[in-house]
Amino acid sequence: MEKVSIIDIQGVQWTVKDQEATVRIDKLEEKTNIKKTRLWSAPGSYFDLVEINDVKYYNAFFQGTPYIDAIGQTIFKIPNVGQAQAANRAIVSGDKTDNTGRVPVSLEINSDGTVKAFAMFDNQFFGTHPEIALYGQIFQMVN
């Protein structure tokens, strides 16, 4: 696509004053370094590591997978990415597969790469529960 500096609309000429913005965007694109690495995936779901100018973020999207049926269940394992904290936590939604409702689910991303799910019920802190499918997205800095 050619760059233009003048636009002619029905005989009236307009000067495009975006040259400075174009230069600034070009410089920004040179300065911004983005790298994505897929750490885990299942049909409709994924868990990525996104590095923006060497700052690491977890980016995950869940669309009905994985399924959980126990509090604290390990749902998958990711490679070690240099996480310093013992655990990072995020919240997604969980739909009971028997169509009886929805519950929040806390994800615990551990420094050893295990990712655990904790469905949040009013009076249940351990054990099994009705099967739940995960839905939602997280974008969280790795620390």
Side-chain angles (χ1 to χ4, degrees), residues 1-10 14-143:
M1 177 185 294
E2 290 186 44
K3 293 186 178 183
V4 296
S5 59
I6 297 176
I7 299 174
D8 188 315
I9 302 175
Q10 296 179 346
W14 300 84
T15 302
V16 179
K17 298 193 179 208
D18 73 340
Q19 185 60 36
E20 182 181 342
T22 300
V23 169
R24 291 176 71 189
I25 290 169
D26 289 344
K27 286 181 183 177
L28 180 62
E29 287 176 346
E30 290 173 9
K31 291 180 181 179
T32 304
N33 181 12
I34 299 174
K35 178 183 173 188
K36 290 183 182 182
T37 305
R38 179 74 27 109
L39 303 175
W40 171 87
S41 65
S45 301
Y46 61 83
F47 195 100
D48 289 347
L49 177 68
V50 178
E51 298 174 76
I52 303 172
N53 293 338
D54 298 322
V55 178
K56 296 177 182 180
Y57 300 88
Y58 290 127
N59 181 41
F61 178 77
F62 302 103
Q63 186 67 35
T65 55
Y67 295 96
I68 61 171
D69 61 5
I71 294 177
Q73 175 179 341
T74 298
I75 52 177
F76 54 84
K77 186 168 173 77
I78 60 172
N80 186 324
V81 298
Q83 176 179 311
Q85 295 267 80
N88 283 317
R89 291 180 179 85
I91 304 288
V92 294
S93 182
D95 283 357
K96 294 179 186 176
T97 59
D98 64 3
N99 297 318
T100 60
R102 181 173 283 175
V103 296
V105 177
S106 174
L107 297 180
E108 180 181 274
I109 307 154
N110 294 297
S111 59
D112 69 358
T114 56
V115 179
K116 296 183 176 191
F118 296 82
M120 293 185 263
F121 294 101
D122 286 339
N123 294 311
Q124 185 177 355
F125 307 103
F126 57 88
T128 61
H129 54 72
E131 186 179 63
I132 294 172
L134 300 186
Y135 289 91
Q137 185 167 15
I138 66 166
F139 191 84
Q140 179 181 25
M141 185 184 293
V142 175
N143 53 1

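- With a 4.5 Å cut-off on side-chain heavy atoms, L134 and I75 count as touching.
- At least one side-chain heavy atom of M120 sits less than 4.5 Å from a side-chain heavy atom of I91.
- Residues passing the side-chain contact (heavy atoms from CB on, under 4.5 Å) test with D98 are K96, T100, P130, sequence neighbours excluded.
- Sorted by first then second residue, the salt bridge (charged side-chain N to carboxylate O under 4.0 Å, His left out) pairs that include residues 55-81, not counting sequence neighbours, number zero.
- Nearest heavy-atom pair across G72 and F118 is CA-CE2, 3.4 Å.
- One finds the CE atom of M141 at 9.5 Å from the CD1 atom of I52 (value rounded to the nearest 0.5 Å).
- Looking at D112, its side chain does come within 3.5 Å of a backbone N or O of T114 through a donor-acceptor pair.
- What you find for V103 and A119 is that their closest heavy atoms are CG2-CB, 4.3 Å.
- Nearest heavy-atom pair, I68 versus H129, reported as atom, atom and distance to 0.1 Å: O-CE1, 3.7 Å.
- A heavy-atom distance below 4.5 Å is found between the side chains of I138 and I109.
- In this structure, the separation between CD on E51 and CG on L49 is 4.5 Å, given to the nearest 0.5 Å.
- Of all non-hydrogen atoms in A133 and G64, the two that sit nearest each other are CB-O, 3.5 Å.
- For the side-chain hydrogen bond (donor to acceptor under 3.5 Å, both in side chains) test, residues two or more places apart in sequence or in another chain that qualify with T65 are S45.
- For Q85, there are no side-chain hydrogen bond (donor to acceptor under 3.5 Å, both in side chains) partners at least two apart in sequence or on another chain.
- Within 6.0 Å of OH on Y135 lie more than 12 heavy atoms contributed by other residues, nucleotides or ligands.
- By the side-chain contact (heavy atoms from CB on, under 4.5 Å) test, F61 is found to be paired with Y46, Q63, Q137, residues two or more places apart in sequence or in another chain being considered.
- Here the CG atom belonging to D48 is positioned 6.5 Å from the CG atom belonging to L39, to the nearest 0.5 angstrom.
- When side chains are defined from C-beta on, Y58 counts as touching V81, because their heavy atoms get closer than 4.5 Å.
- In this structure, D54 places its CG atom where only 12 or fewer heavy-atom neighbours from other residues, nucleotides or ligands lie under 6.0 Å away.
- Side chains of F62 and L107 form a contact here, defined as non-hydrogen atoms less than 4.5 Å apart.
- Distance check, rounded to the nearest 0.5 Å: CG of N88 to OH of Y57 gives 12.5 Å.
- Within the structure, salt bridge (charged side-chain N to carboxylate O under 4.0 Å, His left out) pairs that include any residue of residues 79-89 comprise R89-E108 (at least two apart or interchain).
- Using modelled atom types, no side-chain atom of Q124 and backbone atom of I71 make a donor-acceptor pair closer than 3.5 Å.
- Put simply, CG on N59 and OG1 on T37 are 11.5 Å apart, with the number rounded to the nearest 0.5 Å.
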